[in-house]
Amino acid sequence: MKYEMTIGIECHVQLNTKTKLFSGVNNDAVDKEPNECCSPGNYALPGTLPVLNKAAVEKAVRAGLAMNCEIGLISAFERKHYFYPDLPSGYQITQMFHPIIGAGSVELPDGSVVRIEHAHLEEDAGKLTHFDNYSLVDLNRAGTPLIEIVSMPDIHSEVQARLYCEELHRLMRYVDVSNGNLYHGNMRFDVNISVAPAGSEKLGTRVEIKNLNSFKSIERAAQYEYGRQIAALENGEKLIQETRGWSDDTGKTTGQRSKENAQDYRYMPEPDVPPIVLTDQFVQDIKAEMPLLPGDYRKLFAVMNLDESEMTAILNYPLLTERLAAVLKASTALAVRVAHWFSGLLLAEENVDKDFELATVAELTELSEMVEKNELSSTAGKEVFVALYDAKNTEKTPRALAKEMNLLQENDEEALVQIIDEVLATAECAKAAEDVKKGEMKAIGFLVGQVMKKSGGKANPGTVNQLIKQRLA
């Protein structure tokens with residue numbers, strides 16, 4: 001019997017506001033000591049009250065617009081009750097019934113579309129670190145503003161699940177609502193997966209794989225769980241609705257607890273935070289400031305005919321995408337060359353941590369033009385490109401760098417003819433010269449090589465080739 005996989009994904013996105021969702025405490029806890037970025041409210045001390053961060057609301061709207069979602073002009077908070085050490089208050093302030101972000105959709109690079117059910121604004125919980133017989137609580141993350149993006153069950157393969165999560169990651173970074181650092185947990189993914197016989201109108205029992213923080217893990221976990229559920233069904237076992245964890249080391253999911261239902265959390269209206277009331281003008285003002293999104297750039301860059309891997313590599317970095325789009329306004333040919341440099345050189349493993357701001361649009365355009373005009377060879381152009389991203393060269397133009405690196409090509413035909421005549425006069429080149437005169441053009445490569453050697457590699461090989469033909473005609 002053939003089975004079909006059905007996946008829905010909940011994505012938790014930490015918003016990169018300066019302060020937390022309901023307090024003025026620093027929201028950036030990277031490299032901070034445990035429990036350093038906490039307010040009395042995060043500790044749930046008596047008498048503390050939440051005050052909503054307007055910037056979090058604005059970023060939530062930006063995220064919603066990036067996903068083509070309806071924006072709820074009126075949204076409200078509820079308390080989601082559960083007792084766990086990472087939440088001292090015993091409840092999480094979230095949005096259950098009236099979320100700020102409504103239905104929408106995300107188009108993937110392969111053209112498929114995943115519908116968004118909704119996305120709600122909420123506070124994050126703290127972090128627990130477990131040891132053999134005790135656990136430590138760090139509340140730096142508690143109160144961080146989150147949006148939880150809930151997709152519809154439109155995904156039917158582990159590859160599509162990865163593509164969807166990658167595109168969400170790009171969207172959130174392009175509209176600057178999240179830093180998107182997966183290592184630091186800026187975005188975390190819960191994958192809900194079920195298996196049913198192909199063609200069945202009823203979905204199978206849903207299993208949730210919690211807290212995946214890499215795209216590779218999303219794909220591997222979905223693939224493993226698909227196989228596990230099929231094996232269970234084939235053996236006559238009954239699947240249960242549960243939450244499972246994923247181990248990168250073992251490549252397996254393991255059961256954690258039975259899955260809760262909404263009533264288990266005893267939702268109630270949040271009495272201390274009034275409803276959020278937005279105006280159409282507020283939403284339109286944010287919409288007017290929205291940047292181009294990955295899908296827009298894919299259409300813009302179509303004229304360059306980049307292969308999929310190049311396109312994806314560049315689109316993963318918003319700053320590089322902006323730079324490339326600016327070069328493209330000047331010339332498609334110049335932009336194609338820069339795109340190859342970006343994907344093949346700058347994003348190579350040893351260079352990916354470089355400061356992408358070091359090379360400006362003007363410098364990239366100038367360097368590409370120098371190669372176009374044969375002032376630099378293709379290889380020399382790459383060398384100068386890499387040098388542009390060295391901090392010690394920030395005050396140097398591409399031309400100055402090329403001159404300093406002794407890479408400028410010799411295009412002075414009078415000077416090149418003198419070198420060519422000297423080469424042709426040598427005994428070792430006599431036979432090759434005679435072969436060229438007889439029409440055997442393969443021999444010209446040897447002569448070009450000799451001229452390049454004599455010129456110290458500075459001669460333009462194309463120009464040398466033409467001049468040799470002229471001298472031997």
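Side chain of Asp138 to backbone of Lys127: no donor-acceptor contact under 3.5 angstrom is found. A donor-acceptor pair under 3.5 Å is formed between the side chain of Asn35 and the backbone N or O of Val137. Looking at Arg173, its side chain never comes within 3.5 Å of a backbone N or O of Gly180 through a donor-acceptor pair. A distance-only check finds no donor-acceptor pair linking the side chain of Ser343 to the backbone of Glu310 [under 3.5 Å]. In this structure, Tyr297 contributes its side chain and Met311 its backbone to no donor-acceptor pair below 3.5 Å. Listed for the Asp86 side chain is no donor-acceptor partner under 3.5 Å among the backbone atoms of Leu128. Of the possible donor and acceptor atoms, one in the side chain of Asn393 sits under 3.5 Å from a partner among the backbone N and O of Ala387. Side-chain atoms of Asn53 never come within 3.5 Å of backbone atoms of Phe22 as a donor-acceptor pair (strictly under, hydrogens ignored).
A salt bridge is defined here as a Lys NZ or Arg NE, NH1 or NH2 lying under 4.0 Å from an Asp or Glu carboxylate O, and Arg170 with Glu167 meets this definition.
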Stepwise side chain to side chain contact (heavy atoms under 4.5 Å, CB included) test for Asn26 and Lys32: CA-CA 10 Å; Asn26 184 2; Lys32 299 293 192 300; 3.8 Å; yes

Stepwise side chain to side chain contact (heavy atoms under 4.5 Å, CB included) test for Leu408 and Leu376: CA-CA 5 Å; Leu408 285 171; Leu376 286 174; 4.3 Å; yes

Verdict with supporting geometry, Glu123 and Lys20, salt bridge (Lys or Arg N to Asp or Glu O under 4.0 Å): CA-CA 8 Å; Glu123 60 176 346; Lys20 293 188 176 182; over 6 Å; no

Test log, rule salt bridge (Lys or Arg N to Asp or Glu O under 4.0 Å), inputs Asp176 and Arg62: CA-CA 9 Å; Asp176 190 29; Arg62 285 173 68 85; 5.9 Å; no

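Within the 4.5 Å cutoff, the side chain of Tyr317 has heavy atoms near those of the Leu347 side chain. When side chains are defined from C-beta on, Met187 counts as touching Phe189, because their heavy atoms get closer than 4.5 Å.
Side-chain atoms of Gln14 and Thr144 form no donor-acceptor pair, as typed in the model, at a separation below 3.5 Å.
At most 12 heavy atoms of other shown residues, nucleotides or ligands fall within 6.0 angstrom of atom OH in Tyr183.
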